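Heads up: the structure comes next, in structure tokens.
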Amino acid sequence: MIRHIVMFKLKEELSERDLTDIISRAKTELEALVPKIDVLRDLKVYTNVNPKEEYHFSLIADLDKFEDVEVYALHPDHMAIVTGLIKPNLAKRACVDIVV
């Protein structure tokens with residue numbers, strides 16, 4: 001199984017309210033993808049509670065094989081969230097894909 005882990009740092013000029021709203025929407029919308037995208041086994045979004053770290057939230061998704069990561073990434077429902085919510089507010093992103 002592949003665990004796809006992504007960390008997101010949002011733009012510094014966003015207010016605390018905007019940060020909270022964006023993370024909440026990202027959690028709701030991304031977690032709702034599990035029944036829509038066949039290759040997703042699980043997907044959870046977590047808010048970073050450590051103010052000393054630069055990333056605001058993370059996504060952890062489980063997929064059967066590495067090729068499924070691209071299927072998920074390019075799926076139209078996922079792309080709509082990326083282009084409509086995440087990219088306009090994103091400052092930085094980091095990702096790892098590991099075998100578990």
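Since the model is a prediction, treat every value here as computed from it, not as a measurement. We use all heavy atoms of the structure for the numbers below, so side chains are in, but hydrogens, waters and symmetry mates are not.
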Exercise for review: Answer yes if Val69 and Ile5 sit in the same cluster of Ile, Leu, Val, Met, Phe, Trp and Tyr residues linked by side chain heavy atoms under 4.5 Å apart, and no otherwise.
Suggested key: no
Practice item. Indicate if Val99 and Leu63 have the same hydrophobic cluster label, given that clusters are the connected sets of ILVMFWY residues with side-chain heavy-atom separations under 4.5 angstrom. Key: yes
Check your understanding: Could you walk me through whether His56 and Leu19 pass the side chain to side chain contact (heavy atoms under 4.5 Å, CB included) check?
Key -> CA-CA 8 Å; His56 293 99; Leu19 288 172; 4.0 Å; yes
Practice item. Enumerate the residue pairs fulfilling salt bridge (Lys or Arg N to Asp or Glu O under 4.0 Å) with a member in residues 75-88, sequence neighbours excluded, ordered by first and then second residue. Key: none
Revision key, fill the gap. With sequence neighbours left out, the residues meeting side chain to side chain contact (heavy atoms under 4.5 Å, CB included) with Met1 are Arg3, Asp62, Val100
**Study point:** Under the ring-ring contact (aromatic ring centres under 6.0 Å, His included) test, residues paired with His75 that sit two or more places apart
**Key:** none
Review point. To which residues is Met7 joined in a hydrophobic cluster, defined by side-chain heavy-atom contacts under 4.5 Å among Ile, Leu, Val, Met, Phe, Trp and Tyr, whether direct or through other members?
Key: Tyr55
Practice item. Kindly state each residue pair satisfying ring pair (Phe, Tyr, Trp, His ring centres under 6.0 Å) with at least one member in residues 80-100, sequence neighbours excluded. Key: none
Review point. For residues 6-32, which residue pairs qualify under ring pair (Phe, Tyr, Trp, His ring centres under 6.0 Å), counting only residues two or more places apart or in two chains?
Key: Phe8-Phe57
**Study point:** Ile81 side chain reached by Ile86 side chain, heavy atoms, under 4.5 Å
**Key:** yes
Which residue pairs pass the side-chain hydrogen bond (donor to acceptor under 3.5 Å, both in side chains) test when at least one of the two sits in [range], sequence neighbours left out?
range: residues 39-51; value: Arg41-Asp64
range: residues 18-35; value: Ser15-Asp18, Arg25-Glu29, Lys27-Glu31
range: residues 88-100; value: His4-Asp97, Glu54-Lys92

Point to revise | Set of residues satisfying side-chain hydrogen bond (donor to acceptor under 3.5 Å, both in side chains) with respect to His78, sequence neighbours excluded | key: Tyr72
Revision key, fill the gap. Contacts of Glu12 meeting salt bridge (charged side-chain N to carboxylate O under 4.0 Å, His left out) (sequence neighbours excluded), chain-then-number -> Lys9
Check your understanding: Who pairs with Lys65 by salt bridge (charged side-chain N to carboxylate O under 4.0 Å, His left out), at least two apart in sequence or on another chain?
Key -> Asp68
Practice item. Search all heavy atoms of Leu40 against all heavy atoms of Ala61 and return the closest pair with its distance. Key: CD2-CB, 4.0 Å
Exercise for review: Kindly determine whether Ile60 and Leu43 satisfy side chain to side chain contact (heavy atoms under 4.5 Å, CB included), including the steps that lead there.
Suggested key: CA-CA 6 Å; Ile60 301 174; Leu43 187 152; over 6 Å; no
Review point. For Ile23 and Leu10, what are the C-alpha separation, side-chain angles and deciding distance, and is it a side chain to side chain contact (heavy atoms under 4.5 Å, CB included)?
Key: CA-CA 9 Å; Ile23 294 167; Leu10 300 176; 4.1 Å; yes
